[in-house]
2 protein chains.
Amino acid sequence: MRKNELYEFIKLYLMTVKIKQNKKEATRERNQQLILAAAEKIFAKLGYDGASMSMIAKEAGVAKANIHYYFNSKECLYETVLENIVNSWNLGLEDVSVEDDPAVILYKYIQYKVILSIEQPMQSRLFAIEMIRGAPFLQDYIRTNSRPWFREKHELLQAWMDAGKMDQVDPNHLLFTIWSTTQYYADFEAEALLLLNKHEYEEIDVKAITQSIAQIILKGIGLSIPK
Amino acid sequence: MRKNELYEFIKLYLMTVKIKQNKKEATRERNQQLILAAAEKIFAKLGYDGASMSMIAKEAGVAKANIHYYFNSKECLYETVLENIVNSWNLGLEDVSVEDDPAVILYKYIQYKVILSIEQPMQSRLFAIEMIRGAPFLQDYIRTNSRPWFREKHELLQAWMDAGKMDQVDPNHLLFTIWSTTQYYADFEAEALLLLNKHEYEEIDVKAITQSIAQIILKGIGLSIPK
DNA sequence: ACGCATACTGACTAAAAGGTCAACGTATCG
DNA sequence: CGATACGTTGACCTTTTAGTCAGTATGCGT
């Protein structure tokens with residue numbers, strides 16, 4: 001019975017610990033999230049150098065020194081924000097096999113990326129700023145994480161082409177084309193809205209954008225919009 | 001003969017003025033260009049806030065105070081750089097009429113924009129940064145200058161479609177698609193090179209990029225690559 | 001209730017920013 | 001040759017920045 005006792009003890013202990021740390025740990029988690037959200041917003045709007053720690057503190061509703069309590073430096077905070085974004089990035093083209101229909105998969109991917117661009121434009125912009133700067137913080141991450149993902153998708157597209165399911169196009173540039181066309185509406189929102197003479201995107205725009213991009217790209221690689 | 005005399009006098013006077021101002025005005029012109037070139041480089045690499053006047057001064061090889069002699073403020077310098085870029089921007093799709101072949105015209109435009117992206121990436125990046133910031137300096141310029149240009153091209157594309165020369169696509173999004181796909185290689189050079197596992201673009205890449213983009217977009221709107 | 005670790009902050013520092021200015025250098029003209 | 005306007009600069013100013021720190025407040029376990 002010793003085993004059982006031990007098990008019960010551990011279970012109780014863990015529960016106690018959890019309850020004990022509830023308030024403190026919850027505060028910790030909450031404030032970190034608050035700071036990260038504020039940082040994402042400010043960094044995306046003003047860039048790394050344009051953003052100041054006091055602005056982020058004000059946005060998050062905490063004292064500036066408190067940010068330094070959770071994050072050692074401005075660089076550290078920026079890096080954390082960026083990695084959080086890229087971590088939640090490459091979804092939307094996952095769990096795909098050669099058997100799937102490229103038209104359906106790619107249409108969904110375009111749709112997914114357009115929605116993300118319209119609804120979370122700041123993430124896209126923050127990523128863009130980092131790339132424009134030459135990816136000083138993200139280049140290691142891209143090398144180790146994005147590259148395998150990219151290779152995998154490259155092979156998938158190539159397999160579809162080999163199977164005669166779509167036209168022969170350079171898979172690299174096809175992926176770049178999908179990224180750039182969809183992210184344009186986040187990164188260049190100011191230009192797009194000014195030229196379209198709008199104040200903000202509407203629900204109907206999301207559909208029109210998705211449709212236009214999908215029409216051009218899918219037909220461009222020998223497919224057609226599904227359904 | 002008085003008219004002729006006056007004309008000769010003016011001609012001589014202007015020549016004299018030109019000669020007189022040669023050295024000083026040449027220096028003025030030269031240094032302004034030097035400063036503007038340096039500013040373009042530094043602003044594009046580090047953004048508006050990341051760039052400092054002393055860096056630009058160092059890059060241009062002049063004293064910091066001397067920049068303020070030619071340009072009132074950092075904002076003024078930044079604005080001048082931006083407007084110079086956009087002034088030399090919308091070329092490549094000029095002097096086009098409905099009678100022209102859309103395939104030829106659009107292929108040339110894509111080619112032009114790809115070359116510009118590869119050879120002058122800093123201009124594209126500076127523009128991108130300004131747009132990401134919400135176009136605080138360029139929005140007036142876009143409203144008054146880019147919008148008419150955009151409307152004109154919109155009508156041109158619509159006319160081609162009405163004439164049955166190409167598929168029916170939203171002309172706005174078609175233009176956005178061309179811009180985004182071509183500018184991607186400048187703005188996201190870091191990402192593209194990392195994923196392509198290259199140190200820099202080569203001559204062959206320019207052709208491959210142009211070909212891939214043109215293939216997808218032109219076929220996507222019912223055309224094919226000319227010649 | 002008390003002691004202790006965690007959470008938090010106002011007030012500070014040193015560095016760097018944009019911008020100014022008086023003084024000096026230099027080409028042009030009477 | 002002066003006189004004048006333009007070109008140039010080092011030194012300086014104010015403001016803002018990232019980051020620090022001593023000290024306070026707040027739960028938590030005993």
Side-chain angles (χ1 to χ4, degrees), chain A residues 9 12-36 38-39 42-43 45-82 133 136-137, chain B residues 12-36 38-39 42-43 45-81 133 136-137:
Chain A
F9 172 75
L12 270 168
Y13 174 75
L14 286 176
M15 274 176 69
T16 322
V17 167
K18 228 179 191 174
I19 291 164
K20 272 182 193 169
Q21 292 184 343
N22 243 355
K23 203 155 188 178
K24 282 201 170 182
E25 201 159 295
T27 316
R28 187 178 188 84
E29 193 72 21
R30 210 197 71 235
N31 282 12
Q32 278 187 345
Q33 285 312 118
L34 234 59
I35 292 167
L36 283 171
I42 304 289
F43 277 135
K45 192 150 64 186
L46 302 165
Y48 178 77
D49 301 280
S52 79
M53 295 300 268
S54 22
M55 286 167 133
I56 296 171
K58 197 179 163 190
E59 176 75 30
V62 301
K64 194 187 70 167
N66 202 19
I67 297 182
H68 280 92
Y69 174 73
Y70 287 109
F71 302 92
N72 291 329
S73 64
K74 191 184 184 183
E75 284 198 2
C76 174
L77 176 60
Y78 181 69
E79 217 170 323
T80 309
V81 170
L82 271 180
R133 285 165 53 102
F137 292 100
Chain B
L12 270 168
Y13 173 75
L14 287 176
M15 276 178 68
T16 324
V17 168
K18 231 179 191 173
I19 291 163
K20 274 181 192 169
Q21 292 184 341
N22 243 355
K23 203 155 189 176
K24 282 202 171 182
E25 201 159 296
T27 316
R28 185 179 190 82
E29 193 74 22
R30 209 198 71 236
N31 282 11
Q32 279 187 342
Q33 285 313 117
L34 235 59
I35 292 167
L36 282 171
I42 304 290
F43 277 136
K45 192 152 63 185
L46 302 166
Y48 179 78
D49 301 279
S52 78
M53 296 299 270
S54 22
M55 286 167 132
I56 296 172
K58 198 179 165 191
E59 176 75 29
V62 302
K64 194 186 68 167
N66 203 17
I67 297 182
H68 279 93
Y69 174 74
Y70 287 108
F71 303 92
N72 291 330
S73 63
K74 191 185 184 182
E75 284 198 3
C76 173
L77 176 60
Y78 182 68
E79 217 168 323
T80 309
V81 171
R133 285 165 53 102
F137 291 100

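In what follows, every chain begins at residue 1, and chains take the letters A, B, ... in the order their sequences are listed. Quick caveat: nothing in here was measured; it's all calculated off a predicted structure.
- Taking B:E59 as the reference, B:K41 meet the salt bridge (charged side-chain N to carboxylate O under 4.0 Å, His left out) condition, with sequence neighbours excluded.
- Atom OH of A:Y69 is separated from atom P of C:dA7 by 3 Å (rounded to the nearest Å).
- When each of A:L77, A:N31, A:I56 is tested with A:L36 by the rule side-chain contact (heavy atoms from CB on, under 4.5 Å), just one qualifies, namely A:L77.
- Put simply, OH on B:Y48 is 11 Å from C1' on C:dA17, counting in whole angstrom units.
- If you take CG of B:L46 and P of C:dA16, they are 15 Å apart, rounded to a whole angstrom.
- To the nearest 0.5 Å, atom NZ of residue A:K45 and atom CE of residue A:M55 are 8.0 Å apart.
- One finds no side-chain N or O of A:N66 lying less than 4.0 angstrom from the OP1 or OP2 phosphate oxygen of C:dA7.
- Between B:L34 atom CG and D:dG7 atom C1' there is a gap of 14 Å when expressed in whole angstrom units.
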TODO: For each nucleotide in nucleotides 20-25 of chain C, reading 5' to 3', give B when a protein heavy atom comes within less than 4.0 Å of its base, S when such contact involves only the sugar-phosphate, and - otherwise.
DONE: BB----
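- Distances shorter than 4.0 Å separate none of the side-chain N or O atoms of B:R28 from OP1 or OP2 on D:dC6.
- Taking atom OH of A:Y78 as the reference point, atom C1' of D:dG19 lies 20 Å away to the nearest angstrom.
- Here the P atom of nucleotide D:dA18 and the CD1 atom of A:I56 are 8 Å apart, to the nearest Å.
- Distance B:R30 CZ to D:dC6 C1': 15 Å, rounded to the nearest Å.
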Protein-nucleotides 14-17 of chain D N/O pairs under 3.5 Å:
none

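- Counting to the nearest Å, the P atom of D:dT8 and the NZ atom of B:K58 are 20 Å from each other.
- Residue-level contact check: A:F71 touches neither bases nor backbone, having no heavy atom under 4.0 Å from any strand.
- With sequence neighbours excluded, no residue satisfies side chain to side chain donor-acceptor pair (under 3.5 Å) with A:T80.
- The side chain to side chain donor-acceptor pair (under 3.5 Å) check on A:D49 picks up A:R133, with sequence neighbours excluded.
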Without placing hydrogens or testing angles, list every side-chain donor-acceptor pair under 3.5 Å for residues 62-76 of chain A, not counting sequence neighbours.
residue, atom, partner, partner atom, Å
A:S73, OG, A:C76, N, 3.2
A:K74, NZ, A:Y48, O, 2.8
A:K74, NZ, A:A51, O, 2.8

